[in-house]
Amino acid sequence: MEIAKHFKESAQQMQLDCVRECDVRDDVQANAIEMMSQTKYSVHLSDAFTWLEAREENSIHAIVTDPPYGLKEYTDIEKKKLRNGHGGVWRIPPSFDGCKRSPLPRFTILDDTDIAALSSFFTKFAKLAMRVLVPGSHVMIATNPLLSQYVYMSFMTAGFEKRGEIIRLVQTLRGGDRPKNAHKEFQDVSVMPRSAWEPWGLFRKPCEGRVQDNLRKWGTGGLRRVSGKNPFVDVIQSAPARREERKIAPHPSLKPQAFMRQLVRAALPLGCGIILDPFMGSGSTVAAAEAIGYVSIGIEKDSAYYSVARKAIPALARFTPNGANGRSGGALAAAKRPKTDSHQESGCIRREANGRPDRPISGASQCV
């Protein structure tokens with residue numbers, strides 16, 4: 001069959017990439033080759049744009065990624081501040097109830113020059129993604145309510161079809177702050193609403209003909225259903241990544257496995273093909289694909305995060321999510337709300353809810 005031949009060639013190309021990756025040191029190449037003999041993923045220490053430019057056309061079947069946004073926050077200077085705990089662009093949330101919170105980038109500080117650079121970044125990314133994806137491939141890309149418009153316009157201008165948004169219901173410490181340095185004077189004022197959701201843009205490269213024709217030829221064009229009776233839904237309840245996961249993969253933007261496995265599974269409608277995360281971070285997308293049984297590729301240009309990902313991916317893939325983390329649909333579970341006085345903490349904080357264990361994600365790929 002044409003589709004089986006295509007997937008076989010894609011898998012062979014993926015193995016060749018481990019050998020020909022020009023931006024990875026010889027010792028890393030050897031490790032990646034060894035990794036491929038035992039797993040269904042490969043990871044590369046490389047700039048995403050450089051890697052995408054060298055990649056063969058029509059060779060990737062889906063992209064699931066959480067890219068850098070302000071761009072500024074992942075410069076060497078700001079990452080150094082982050083790792084030293086000095087903040088800079090990164091806001092270090094206050095500690096309370098004995099727990100230390102993860103840092104968050106402050107996108108509200110971006111000026112016109114930063115916004116122009118962000119638009120240019122996503123325009124280039126969208127064009128490169130269009131080239132490497134097969135017809136009918138989906139892109140699932142994490143955004144936020146302040147900047148999503150720049151991402152969406154870039155992808156639509158590049159020729160992608162906007163297929164909606166996936167709404168991750170999650171409440172963190174982002175937003176809800178009282179006026180800085182005047183929080184006591186204006187105790188009943190928040191400068192922004194407390195965020196209770198995270199949008200993920202959903203885009204598709206146009207199909208060749210009808211969806212059914214595209215599925216037969218490329219294995220893409222739709223989203224994999226949860227079951228015969230239940231389709232994939234665009235609202236997913238998800239707590240922040242749990243402490244156990246953060247110990248495995250310490251990254252400021254880590255997404256929980258229970259949530260990522262739902263996205264990754266849906267991205268390949270027939271369970272066949274290659275998932276790409278060009279901004280791998282600590283490897284949550286690749287780990288989710290490995291847990292499900294999909295072939296995947298991760299790209300990361302920061303050597304420190306790349307090292308974290310190489311160690312974290314196998315452990316995250318074995319991680320068993322529990323509680324309400326990642327459960328789709330339904331109402332938000334009741335949560336405790338400790339009182340605080342800080343202008344940053346700004347009142348009530350919704351904590352992770354306890355719930356029934358998640359059902360394991362089924363449907364490991366038998367096609368690759």
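Along the sequence shown, the residues carry numbers beginning at 1.
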Counting N and O atoms only, with roles assigned by atom type, does the side chain of Arg224 sit under 3.5 Å from a partner on the main chain of Ala267, one being a donor and the other an acceptor?
no
Applying a strict under-4.5 Å side-chain criterion to I, L, V, M, F, W and Y, I'd like to know whether Ile236 and Leu254 cluster together.
no
Checking His251 side chain against Ser253 main chain: does a donor-acceptor pair fall under 3.5 Å?
yes
Test: salt bridge (Lys or Arg N to Asp or Glu O under 4.0 Å). Region: residues 133-156. Which pairs qualify, not counting sequence neighbours?
none
How long is the gap from OH on Tyr306 to NE2 on His44, to the nearest 0.5 Å?
8.0 Å
What's the verdict on side-chain contact (heavy atoms from CB on, under 4.5 Å) for Phe232 and Leu263, showing C-alpha distance, side-chain angles and the deciding distance?
CA-CA 9 Å; Phe232 175 72; Leu263 296 193; 3.9 Å; yes
Would Arg194 and Ser190 count as a side chain to side chain donor-acceptor pair (under 3.5 Å) here? Give the steps.
CA-CA 8 Å; Arg194 165 63 57 79; Ser190 293; over 6 Å; no
Does Arg261 reach the side chain of Pro321, with side-chain heavy atoms less than 4.5 Å apart?
yes
Can you name the nearest heavy-atom pair linking Phe160 to Ala126, along with the distance?
CE1-O, 3.4 Å
Yes or no on side-chain contact (heavy atoms from CB on, under 4.5 Å) for Tyr152 and Phe203, after CA distance, side-chain angles and deciding distance?
CA-CA 9 Å; Tyr152 295 171; Phe203 299 91; 3.3 Å; yes
Sequence neighbours left out, what passes side-chain hydrogen bond (donor to acceptor under 3.5 Å, both in side chains) with Ser137? Give chain and number order.
none
Would you say Phe49 and Phe121 make side-chain contact, with heavy atoms under 4.5 Å?
yes
I want to check something: taking the side chain as every heavy atom from C-beta on, are Leu202 and Lys162 in contact at a cut-off of under 4.5 Å?
no
Where do Trp200 and Ile141 land on the side-chain contact (heavy atoms from CB on, under 4.5 Å) test, with the steps shown first?
CA-CA 5 Å; Trp200 283 64; Ile141 183 167; 5.6 Å; no
Pairwise side-chain hydrogen bond (donor to acceptor under 3.5 Å, both in side chains) hits with a residue in residues 225-234, at least two apart:
Ser227-Asn230
Please find the pair of heavy atoms, one from Pro278 and one from Ala48, that lie closest to each other, and give the distance.
O-CB, 3.2 Å
For Pro269, all residues meeting side chain to side chain contact (heavy atoms under 4.5 Å, CB included), sequence neighbours excluded
Leu215
To the nearest 0.5 angstrom, please state how far the CH2 atom of Trp51 sits from the CG atom of Leu276.
5.0 Å
Could you list the residues that satisfy ring pair (Phe, Tyr, Trp, His ring centres under 6.0 Å) with Phe186, not counting sequence neighbours?
none
Inter-residue atom distance Asp47.CG - Glu300.CD, 0.5 Å rounding:
10.0 Å
With Pro250 via side chain to side chain contact (heavy atoms under 4.5 Å, CB included) - residues at least two apart:
Val308
Has Gln187 got a side-chain atom pairing as donor or acceptor with Lys184's backbone, closer than 3.5 angstrom?
yes
Give a yes or no on whether the backbone of Lys40 and the side-chain of Glu290 come within a donor-acceptor separation of less than 3.5 Å.
yes
Distance alone, cut at 3.5 Å: any donor-acceptor contact between the side chains of Ser296 and Asp277?
no
With a 6.0 Å cut-off (strictly less than), is the heavy-atom count around NZ of Lys311, excluding the residue itself, greater than 12?
no
Contact check, side chains of Lys247 and Arg242, non-hydrogen atoms, under 4.5 Å:
no
Could you tell me which residues satisfy salt bridge (Lys or Arg N to Asp or Glu O under 4.0 Å) with Lys255, sequence neighbours excluded, listed by chain and number?
Asp66, Glu198
Ignoring hydrogens, what is the shortest heavy-atom contact between Ala129 and Ile63? Give both atom names and the distance.
CB-CD1, 3.8 Å
Treating Arg131 as the side-chain partner and Arg55 as the backbone partner, does any N or O pair qualify as donor plus acceptor under 3.5 Å?
yes
Is it the case that over 12 heavy atoms from other parts of the model lie below 6.0 angstrom from the CE atom of Met130?
yes
Rounded to the nearest 0.5 Å, what separation is found between the CD1 atom of Ile297 and the CD1 atom of Ile299?
6.5 Å
Any side-chain donor near an acceptor of the partner, Asn58 and Lys205, under 3.5 Å:
yes
Across all chains, not counting sequence neighbours, the side-chain hydrogen bond (donor to acceptor under 3.5 Å, both in side chains) partners of Gln212 are Arg216
If Ile, Leu, Val, Met, Phe, Trp and Tyr residues are connected whenever their side-chain heavy atoms lie under 4.5 Å apart, and connections chain through other members, are Met192 and Val189 in the same group?
no
I'd like to know if the side chain of Ser148 and the backbone of Gly201 have a donor-acceptor N/O pair within less than 3.5 Å.
no
Please check if the side chain of Gln257 supplies one atom and the backbone of Ala317 the other of a donor-acceptor pair under 3.5 Å.
no
Is there a side-chain contact between Leu316 and Val286 (heavy atoms, below 4.5 Å)?
no
Residues two or more places apart in sequence or in another chain: which of them pass salt bridge (Lys or Arg N to Asp or Glu O under 4.0 Å) with Glu208?
Lys217
With distance as the sole test, does Gln237 use its side chain to make a donor-acceptor pair with the main-chain N or O of Arg168 at under 3.5 Å?
no
Heavy-atom closest pair, residues Ala241 and Arg246:
O-NE, 3.5 Å
Using the side-chain hydrogen bond (donor to acceptor under 3.5 Å, both in side chains) criterion, which residues pair with Thr123? Sequence neighbours excluded.
Ser154
Report yes if some heavy atom in the side chain of Tyr305 is under 4.5 Å from a heavy atom in the side chain of Ser282; otherwise report no.
no
Partner set under side-chain hydrogen bond (donor to acceptor under 3.5 Å, both in side chains) for Thr113, not counting sequence neighbours:
none
Quick one: closest heavy-atom pair of Ser59 and Ile274, and the distance?
O-CD1, 3.8 Å
Can you list the steps and then say if Met260 with Val64 is a side-chain contact (heavy atoms from CB on, under 4.5 Å)?
CA-CA 9 Å; Met260 293 306 301; Val64 180; 3.8 Å; yes
Value for CG (Leu133) from NE2 (His61), rounded to nearest 0.5 Å, stands at 9.5 Å
Closest non-hydrogen atoms of Pro256 and Ala239, given as atom of the first, atom of the second and distance, are CG-O, 3.5 Å
Separation between CZ of Arg310 and CE of Met280, rounded to the nearest 0.5 Å
9.5 Å
Which pairs pass ring-ring contact (aromatic ring centres under 6.0 Å, His included) with one or both residues in residues 124-149, sequence neighbours excluded?
Phe125-Phe155, Phe125-Phe279
